[in-house]
Every structure is written in C-alpha cells, then in structure tokens.
Amino acid sequence: MESRRPETVAAEPLLPQPWIVREVIRETGDVVTLSLQPGEGAAAMSFGPGQFNMLYAFGVGEVPISISGDPADASRLIHTIRDVGLVSRALCGLQPGALVGVRGPFGSRWPVEDQAGHDVVVAAGGIGLAPLRPALYHLARHRARYGNVVLLYGARKPDELLFGVELEAWRQAGIQVEVTVDHADAAWRGNLGVVTTLIRHARFTPEKAAAFICGPEVMMRFTAAALEERGMAPERLFISMERNMKCAVGFCGHCQLGPEFICMDGPVFAWPRMRRLIAIREL
Amino acid sequence: MVEQRTIKVDYMARVEGEGALDILIEDQAVKDVKLRIFEPPRFFEAFLRGRGFMEAPDITARICGICPVAYQMSAVHAMEGACGVKVDGPLRALRRLLYCGEWIESHVLHIYMLHAPDFLGKHSVVELAAQHPEIVRRGLRLKKAGNEIVALLGGREIHPINVRVGGFYRIPTPGEFATLAEKLKAARDDALATVAWVKGFEFPDFEQDYEFVSLSHPTEYPFNEGRIVSSRGLNIDARDYHDHFAEEHVPHSTALHCRLKARGHYKVGPLARYALNYDLLAPRARQAAQDAGLGRVCRNPFQSIVVRAVETVHALEEALRILERAERPEKPFVEVRPRAGRGLAATEAPRGMLHHTYELDEQGRITFAQIIPPTSQNQATIEADLRRFIAPRLHLPDDQLRWQCEQAVRNYDPCISCSTHFLKLNVERR
Amino acid sequence: MPADRLDRLFEALIARGYLCVGPTLREGAIVYDEISSSADLPQGWTDEQGPGHYRLRQRADGAWFGYVVGPHSWKKYLFEPERRLWQLKRAGQRFERTDEPPTPKRYAFIGVRACEIAALRIQDRVFAGGSFVEPGYARTREQSLVIAVNCTQAAATCFCVAMNTGPEVREGYDLALTEILEPSHCFVIGAGSERGRELLSALPTAPCTAELQQAAKTAVAQASRQTRTMETAGLKELLQKNLESPQWQDIATRCLSCANCTMACPTCFCSSVEDTSDLTGDHAERWQRWDSCFNPDFSYIHGGEVRQTTASRYRQWMTHKLSTWFDQFGSSGCVGCGRCITWCPVGIDLTEEVRKMTQPEGGRP
Amino acid sequence: MAKPRLAVWKFASCDGCQLSLLDCEDELLAVAGAVDLAYFPEASSDMRPGPYDLSLVEGSITTTHDAERILEVRRQSRVVITIGACATAGGIQALRNFADVEEFTRAVYATPAYIKTLKTSTPIADHIHVDFELRGCPINKYQLLEVINAFLHGRKPLVRAHSVCVECKRKGTVCVTVARGEPCLGPVTHGGCGALCPSYHRGCFGCYGPKELPNTSSLAHWARTELGASEADIARLYHNFNAWSEPFRQEGQSHG
Ligand SMILES: Cc1cc2nc3c(=O)[nH]c(=O)nc-3n(C[C@H](O)[C@H](O)[C@H](O)COP(=O)(O)OP(=O)(O)OC[C@H]3O[C@@H](n4cnc5c(N)ncnc54)[C@H](O)[C@@H]3O)c2cc1C
Ligand code: SF4
Ligand code: SF4
Ligand code: SF4
C-alpha cells in the first residue's frame, strides 16, 4: 500500500462540513471565485498547493475543485470554479452568506519547495491556472529561493483570462509572465496560439528547471513533451490530472487511471508516471 | 331566422384520453349531440396479428393505463378459452383479488379526482384539497390501498407484469399477503366514509330507462366470469356476444359504437352491474348502499358516483375475504398449450364489460383480434343521455350548460384511451 | 461434530447475539440470506455451473454444503448494494444531521469458502487498509464472525487453485468446517481465532481422530481438481503490454457491458455517490450504490466519457482485476471463484479471454 | 417567488404515464404545492394558457394535427420532458411503422375513410428538441417525482442509464437467464423499473428501451444458440414497446 499516503483520517469521510460563502468574485463570464469561512463545527483548513476539496452544493451534488488561494493564508478558503454543468452552476450561483459543504483537503501537491534553487516553469491552460495559483503565490513570496520563474498562460479568448490583478503582481514580484489566447479580435495585441508556442519566449535553463503544468489533457501532453524535448528531466515535470470523482477517498473507484487513483495518488503526478497512460485512448 | 346555438367542449377534462363534445341547438331544440373521440387510432387489433398468444396480456394492457388489469383479464380468459384450459381454485381467486385492486384504484380515482369536483364546483382535486384536505387525503389513502393490491400481485400499478395466460409468473409470499391484508383492513373505514360522503351530493333528477348489460355469475358479484345478461332478458354465453351485439363506425369518432342488434343502445358499467347483481354484493356493501338510500336499482347516472363507492366497499370486502382464505396455489400457473381455435371472453372492467375475441393458429399466433371496450358500448347511451338531459335545460347560459353536460359525460367515467376503437365538448346553438 | 448436531452451531451463534446469514434456496439458486437453523440450509442440493449457466441439482447424499458458490457474495452485507450515507438539513451556519448513523450489525457468515475469505481480505484492504477507513464497513466487519467451510468439490467454473486462494481454508476464519460424508456424516471443525475457540467450546464435539483428519484432507483435495485455470505468472505485466491489443475489440463484440460480472464479483468495490433533495429543497440525502466500470457515466468528465466503448470498459475490468490491483492493493483482485463466468448472461469466460490475450494464436499451454 | 408552471400533454398513448403522477398518492399534494398545475386536463378542467416552465409530454406523434400541436407545445415551454416509451420511442403503436397502415385501418375500422392518421408513430424528439427523456412503459412514478424535483432545484435527475441487470444484482435477484434459461432483455435494457420482471421470475421484455451501448446482437445470438429461442421469438422480443428505437428496431428486423 505504498502508493497511499495518509493525509487525513476522518471519522466520516463522506460527510461534508459546513462553510459559509464570505465573498463572491466574478472573474469572467463563467468563472467565479468563492471565498469561504468555516461554519459551525468546521475547522480552518491548511492545505498544500495543488490539493483540492469536494464542494457540495446543498441537495444538488458534489464536485472536486482545487484550492486556488494562498497556502500561507489559512484565514480563508478560496476556490475558483468554472460553470460547466449543473453542480458547478449551482456553486457559481451562490451568494454571500450561503452554506457550502466542504470535504478535504485531498490529493497530492505541487512539489514547489523541492524546487528551491531551480528554474520553475508554470504552464496553465484555461481554468488550469486556478490549481496553480497557490504554487504561484508561494513562488512569488519566496521568489529569491528560486532561479528563473516563468508563467506561461493560455486562454481561449482575451475575456477568459483569469486573475488579471495577480498576473500583474507576479510580474512585479519578478516572475516572467507570458500570456497567449487561441482567438482574439484586432484589439488584442498579445500572443496568439496555444501555450506551447510560449515556450520559446520563456527564460529558463532546461537542465536545471522544473515545470508544473495544468490544463486540458492534450495541452498538458504537448507541453510536457515540448519541455522534455527542450531537455528538461521528465521526473521534474508535473501535471495535474482530472477524472470523474465521487468520493475522493479511494472507495468509489471512479477516478482510476491505470494503477492510479487520481484522488489519492494525484491529482499532481510526476510526468513519467503519466506519460504512457495518458497516451492510451480511453484508458 | 333560425336561432342557433352551439355548445362546444373542445377538450374534455378529467376523463382519460382525448375527446370533445359538440351540441347543436336549433330553434330551442337539441338538434345534434356528438361525442367526438379524437384519440388517435393505435391499431391494437391490427398489430396483435402475428403476435404470440402469451403476449396478449402484456400488449393489450397498453390500451389503457387506467384499467390494464381488465385488458389482461379479458385477454387471458379468451386465450385460455381458445386453448381449452380452465384456471380454477386459488389461481382464480387471486385473479379476482387483482381485479379488486383495479376496481378500487380506478373507482377511487374517478370518485375523488375526476367526478367529485363537478358536484362541489371545483376544477380539480387540488382545488378540493385546498378546502377539504382531510377528505382528499382519505381518497388518496383508499386509492393507494387498491394500488397496493395491483402492485403486489401484478408487480406494479400500471401495466402489471405478473399476469400470464394460465395464471401468474410468481405468487407473492404468505408474508407479503399478510402485510397487504393489514393495509386493506385499514382502508375499510375510508371506503364506508366515501359512500357517506358522496351520497350527500346534489343529484339532478334524471332517471332513465336503460337496458343494463353486465356479466352475471350465480354466486359472485361479477369480475372475471359469468353470462352476459341484461335488464330486458338477454342471457347469453360470452362466446355468443357477436350474435347479439354489433359495432358500427360513426364519422365523428375514431371509436366504434356498439349496439344490441335487437334493441339498440344499452348501458354497461357500475349501474348495470349493481342493478343486475345486487344480491351478490358483500353484506357491508349492500348495507352501505341501503344507508345511502339507493334502491336495488339505480337509474340516475349522476348517482353512479355512489354506486362506484359501494362497489369500492365491495371490492375491499372481497379482497379481504380472498386474503383470509389465503389458499396458495401449488404452481403459479397452469401450463397452456396453444392450439388453433377461437377464444372469446368478457370481464367486468371498472367502467363495464370488456369483450375480447381472438383467433389463433396451431403455434398460438394470433390471426384475428377484436376488442370491445366499455366506453364504446356506452357511447350511444351517453349521447342519448345528453339529448334528454339538455332538452329541459336549454334556458341555462352556455357555460352552465357546458359544465353540466361535461358532468353528465363524466357519469360514465369514459375512458377514451381505451376506446381507440372513443371526448371534446362543443355545444352549438343555431 | 456429528452432522445432525449442526443446529447447535446456530443456537450458539444466536445465543451470542449474532445474526446468522448463510446459504439457502431461493429463485432456483443457492443464495445468501438470513437463516435461523439448519433447516434453512440447502441440504441435499448442489449446483451445476458453466459459462452463463447455473442449475440446481439434487444430490443423493444429504450433504449440507455440497455445492460451491452462488450468485451472491458476502460483500452485500459489508458493502451494501444501496446505502443512505446521511440526511442533512440546513440550519443557519451548520448542517443538522437528521438521521442516525446506522448501527453496525453483528453477522455470523455461515459457509464461507476459502476464495470468499480471500475476497473479504481484499475488500478489507480497499475499505479499511488505506489512509481512509469506510466506517460502516470496518465496524461491521470487525464485529462479524466467519464460519468457513472447506470445499470438497469444485464447480466447472472454479479456478481458486490457479489464483492460490483455495480450496482449503487457511486463514481469516473463526471456525472452519469440513463436511465428511463417509464413513459417518460429520464435521471436522477447527478454530482460527479466540472468538472461534470460545464458540467451539460450546459445540458438542469429540476430539478429531487422525483418520478423520485424513478424510478431511482427501475431501478437500477433491476440490483441487479444477478444469479451469489461469496462468498468473507475469500476467500483471503482460496485460500492461497489451493495453492496445485488438483482442479487446473482439471481446466487445460479445460483451454486453451490462455490469453483471462486476456486481457478482466478490471484490469489485466501485460505487456511486448520489445526492438528492426533497421537494422543499431543505433536506438533502446522500446515497451510495454499487456502480461498475461498465456503466455509462462511470468515467464521465465534463465533455464526455473517458471510456466510451465496451472494449475500453472490458479492458478496465480485466486489467484492474488482474494487473493494476497489484499496484493498488498488493494482490490480484481476482480470487478464482468463477462468479463472473457463471453469471455473465452470454457466458464470457475471464480465464479464456486471458488465455486469448496472452496467447493470441490460440491453443492451451 | 411564483411557482413554476407545469403542463401535461397527451399524444397517442394509454394515459398510463401521466396517471403515474396521480398514482403518487403520498406525494401528490406536495407536488401540487410546489408547482402550479397550469395545464393538466386529465386532472383539472382549469386549463390555463402558456407559457409554461415545464411541460411533460406523453404519447407519440401519429397525426398531422399532433405533429403541429407538438411544435406549439415546444414554443410554449421552457423545458420539455418526454415521459414514457410512446413519447421517447413511438410506443407499441409504432408497430404500424413496420406495416401497411392502410391495411391496418381496414382491419380495425368499418369505414377507413373516417380515419386520418400518419403512416408512422414517432417519438417526440423526432419533431422537437427535448430536454430530458424519461423512459418506461409505463414510467416509474418515483423517477417522475425525481425528475420534477430535480427540475425544481436545478439539479440533474438521478436517473441512471445502466442496464436492468444492475438493478437486479443490487436487489439480489437471481438471474433468470443463467439460472432458468429464460431469454431476458435486461442486459440491453435501460434500468428504471427496479428490475421488476426478473423478480417475478420472468425475463425482461424491454419496457425501458435500449440502454446505452446495447449489444443486442450478442444477446440475441446467445438466446438463439444457448437458450433455444426461435428467430421469431427474438424478433418479437425486440419489437415491443420500444420497437422503433434504433437498436431494437434493427435487431428485431434482422430476425425476420
Ligand atoms: C482534482 C480536480 C480538481 C478540479 N479543480 C477544478 C477547479 O479548480 N475549478 C473548476 O472549475 N473545475 C475543477 N475541476 C473540474 C470540476 O470538478 C468539474 O468541472 C465539475 O465536476 C463539473 O461538474 P458539473 O456537475 O457542473 O458538470 P456536469 O458536466 O454536469 O458533470 C456531471 C458530473 O460528472 C462529474 N464530473 C464532470 N466533470 C468532471 C471533472 N472534470 N472531474 C471530475 N468529475 C467530473 C461530476 O460528478 C459532475 O457532477 C477539477 C476536477 C478535478 C478532478
Ligand atoms: S473491475 Fe471495475 S467495477 Fe470492479 S473494482 Fe475494478 S473498476 Fe471497479
Ligand atoms: S409509454 Fe406505455 S404506459 Fe406510457 S403512455 Fe405509452 S403505453 Fe402507456
Ligand atoms: S420488462 Fe424489463 S424494463 Fe419492463 S418492467 Fe420488466 S424488467 Fe423492467
């Protein structure tokens, strides 16, 4: 059972705890950030970057959502959610004061601290920036411990770009921030194209760099492959996987990908463990 | 200039299926009454050809979601007749039990949800519930008791799956029967209270001289078996039905009208059964009828609601009687081997007699099917009733007349889905 | 213990507050259900099994346990097919739990076979062996007794020998019975735990003779003669190499994706977690139900299912059972009970499919 | 907040599916409390005009008039949910689609000229966009309640698309095919009935129509070779209440 690393042992692992919506920030047309505070009986939560919670919209359903807040700030719990279906819609529609069920935190972390002294490439596609934000907060705060730090971020359209304020703050903190979009009108003066096209603008030394990648599966595959090609060590490439998840504690079986339970062994995996698996269709 | 008035009910509500009523009044006289059934044809009798005899109960059930058991019962009896098999003993008793369930469920649906609102000036049971929640809850409890019988013995309330030619697929366990009996005992008071409730409604004075037709059995209030008898002396075997009855097709309807060859239109259903089988009612049901002031014969169709309530008491009593005996058949069914032949059977659906005729080939494939539902047998009588009902009420304003005409149609608990071999109300005054 | 004293076992169990569950005849099969005395056991019956085939047959010798495994497995008592996890009401800043968490039952599982013990131990690792513990499972399992029975015959679908899980009961039991028909009908009983020893002391037993012990050995040896087998050496890796074999597509032409195999399997543990609310929207419930990697939506993520085809679903089932289970739980997920073979409505045989996968040219090793 | 307005429509059908709502004896008044039954002729003569928030449609399209009426239903309704095999697959009356309707009319009606009907009975989704299809002949009343409930609270109805077998196995019913040799459509049929027939010791005959990925031919092959079913038996089994659904239609036709 070496693959299962103990995190929490909850008495009732499937019972959500009550949290209260403190603030709702509309990021884009369909993305909302919720800031939560513990309700009665829930305790403040400390987490690692890359971990996720199961968020429960009362009576509607429960879905895995990464924590997008600053791991150094345990006073609030932050989640950024894109409205794609009924549960995420219900979550996105919550108003301050509403009650949300929370279970977690679950899953593995971006091994940020392990990269001290290395260059760090952070590559994000779409909502994939949310799970990476805790890592970026950390990198910005402890900027001096790392070599070059680059954020390569792609969205479909300019108005879907998330976290404009943070992007600027990270830039100020000495992170190279490169942004691209798939489609844009003439008003857009930035990069056009997929995230991988940004790699050539990135300042890093492949041999001493690590990368954290999160986005659609194809985007992660191509980005990891491209970085590997640039000479990065595969075991220092990390991606965050998604699979259907019902329990997040390894009982329900839904999130299996080959030998891995995404909920416990992941979602963050070192690239060599995923490289072959995600290349196989319908695994 | 002739004065014309038309009263139209474009879409009859609180009946099962789709129909309309057109009444044409010319020079202060009822000129024409048409009960139009625009329920689209579904061709059961056509596509039954080529199907296996064992499939008839499952397929014919789909003619009507309100009285599927009736279709299943007529079908299995006809098939058994064709194959020369008679199902007796505990299996026969269980079939009666199942039928009791459908009578209760269907009668209570009609009493509380479809008909009573008419008498109380309401549009629906929901409106009724707003004023009399305890009455409606009683009705729902009672209906549920009926449905529980069907659900246990049939597998589910609508389109039961446990009826087969020869008997059943599975016989419920003694434990399941015992639980059912307890629930039915609890429903007895509700059934008696229902009679007491509906007898207090105001009934228009409208006695008619019908020829009543129903099954009749020497020792039982009829469900599955008996000779076809009438209040004017008809007494025939169900197999001779076609010698005495004829169907005709009228232009305004996708349903067929039936008549007695010798005398024209007739009436099937609760009033007919009651008039022809009064003595065989369970003592409590007979007592309830007497307490409600019904005679041995009731000729006022508006009082059919009371007779339905009495029959509900009877069905509950009968169900309990069968459950008390609790004989368990050795096998859930008797083997029925197909053979070429003709099978005819009639049973008493909640709305009246339902006749099936089939012809089979040696492999048991259906080569001919004819199904005569109660509503098409009553349709001519409904139209006749309406003519006589409207004549003295022509002075009424249209909307009142329309309301009352609808009520008069509902007396029959017409099941239009069934009569797709059968309502919308239009009264036209010219 | 003489065979006619079997009811003493039931009495002793009931006296100790156990709910006896075990084999009994129902719906043309030997199923597991609540039983209260030896009269409920399928004495004198046996089962005839093959791919997609199961029939009861009468046997002449009045054996109590003269059959193998049926459609049910013990998992239904520990990992229930359908279970309400909780009911909640919103109340200000908290959730009010409106149901009582279920009290775990104390079962005595009667007639557990060696392969079934292996399956129980596998599910222990799934539900109680990792960082999270399924509280319902763990407590019920803890409190329950395993009264095992050694198989003395095998069905045509059994392959526990190949999976090294049977036929002899070796561990994980409280009592283990071996039924001996000749020269006299009796049970050789061994205790495997403290609770078992205490129970055994309450039974009318006589010390076991060497002769009887030999008879028991011979009887169990009979069950080792199995026609079905599976080559397990290197199988884990072999399947991993064959993830893109055309053979999956071949199976998919026959496989119905109906999930019977996974439901019948004593180790499959997948479940769905389903949330509902009442009409007012103020009360909510969460239910857990058996699910299967063959079911639609099992692998759904926004935009579509990961495993859309029967081929990929069958591959998940087989590779999980026989390969990735090792990575996850340190053993095979298959115990060789043969249920998936018998209860497949079109008789797909796991052992045969493995053989075809590993030796695509055909021919038995 | 105003209660959502519910309408119930009937096309060619037996009434059974909408009756399911009235058969919810324990829940009916609660439902009536939660929604405004604006149009439900079977239950109320107070038939109010649209628009409606939720329309439940029963029955199949068999006449030109109905083909037009359904378009109007769509225009008047925010959400359309079809209920039952008639509405989702054409129903038992779709057996006409395999035959000559004029001959059918002559066989049943004395004066065929009075009858106006289409040659086919088709599901609602062939005519308009349908938001959710609830299967069954008849539908399961608890599933209907669930669908209404889910609609009211903006969640996904808990109506899973797995096979009848899953429900059988969860109930602990013994498989009728394996243990009795009965042909059964359970493995290719959409769950929802709670695996009723097998628990009454008979094979499933497909009320809920094809499940997702129905391997009808493999099941038919097994019935033919191992269970001794005849080609005609198999054809009839598939050609029942969901005969016009693509997989059952084709499988039935390939057996005669
Ligand atoms: C580890 C992890 C972290 C995630 N982090 C975020 C995040 O930070 N922000 C964000 O917007 N989204 C995140 N997602 C995706 C998010 O879980 C889905 O968008 C969400 O489940 C969709 O649910 P729905 O009911 O709204 O959509 P529907 O499409 O209606 O989905 C129906 C059901 O399928 C399941 N499901 C659907 N998509 C997914 C999915 N991608 N992953 C797992 N289960 C799914 C859920 O049970 C869902 O209720 C994450 C997913 C995973 C696995
Ligand atoms: S085989 Fe399928 S159902 Fe069984 S445990 Fe594995 S993933 Fe779950
Ligand atoms: S699907 Fe079946 S139950 Fe529903 S209306 Fe049609 S025939 Fe009746
Ligand atoms: S025929 Fe099939 S779908 Fe219909 S009730 Fe029976 S088992 Fe369910």
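Throughout, a chain's letter reflects where its sequence line sits, starting with A, and its residues are numbered from 1. We use all heavy atoms of the structure for the numbers below, so side chains are in, but hydrogens, waters and symmetry mates are not.
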Practice problem: Inspect the surroundings of CZ in A/F222 and state if more than 12 heavy atoms from other residues, nucleotides or ligands are less than 6.0 Å away. | Solution: no
Self-check item: side-chain hydrogen bond (donor to acceptor under 3.5 Å, both in side chains) partners of residues 17-26 of chain A, not counting sequence neighbours, each pair once
Solution: none
Quiz item: Counting heavy atoms not belonging to A/R276, are there more than 12 under 6.0 Å from its CZ?
Solution: yes
Could you list every donor-acceptor pair linking chain A to chain D (distance under 3.5 Å, backbone and side chains)?
residue: A/G59; atom: O; partner: D/R155; partner atom: NE; Å: 3.3

Quiz item: Can you tell which of A/G61, A/G59, A/G85 has the highest number of heavy-atom pairs within less than 4.5 Å of chain D?
Solution: A/G59
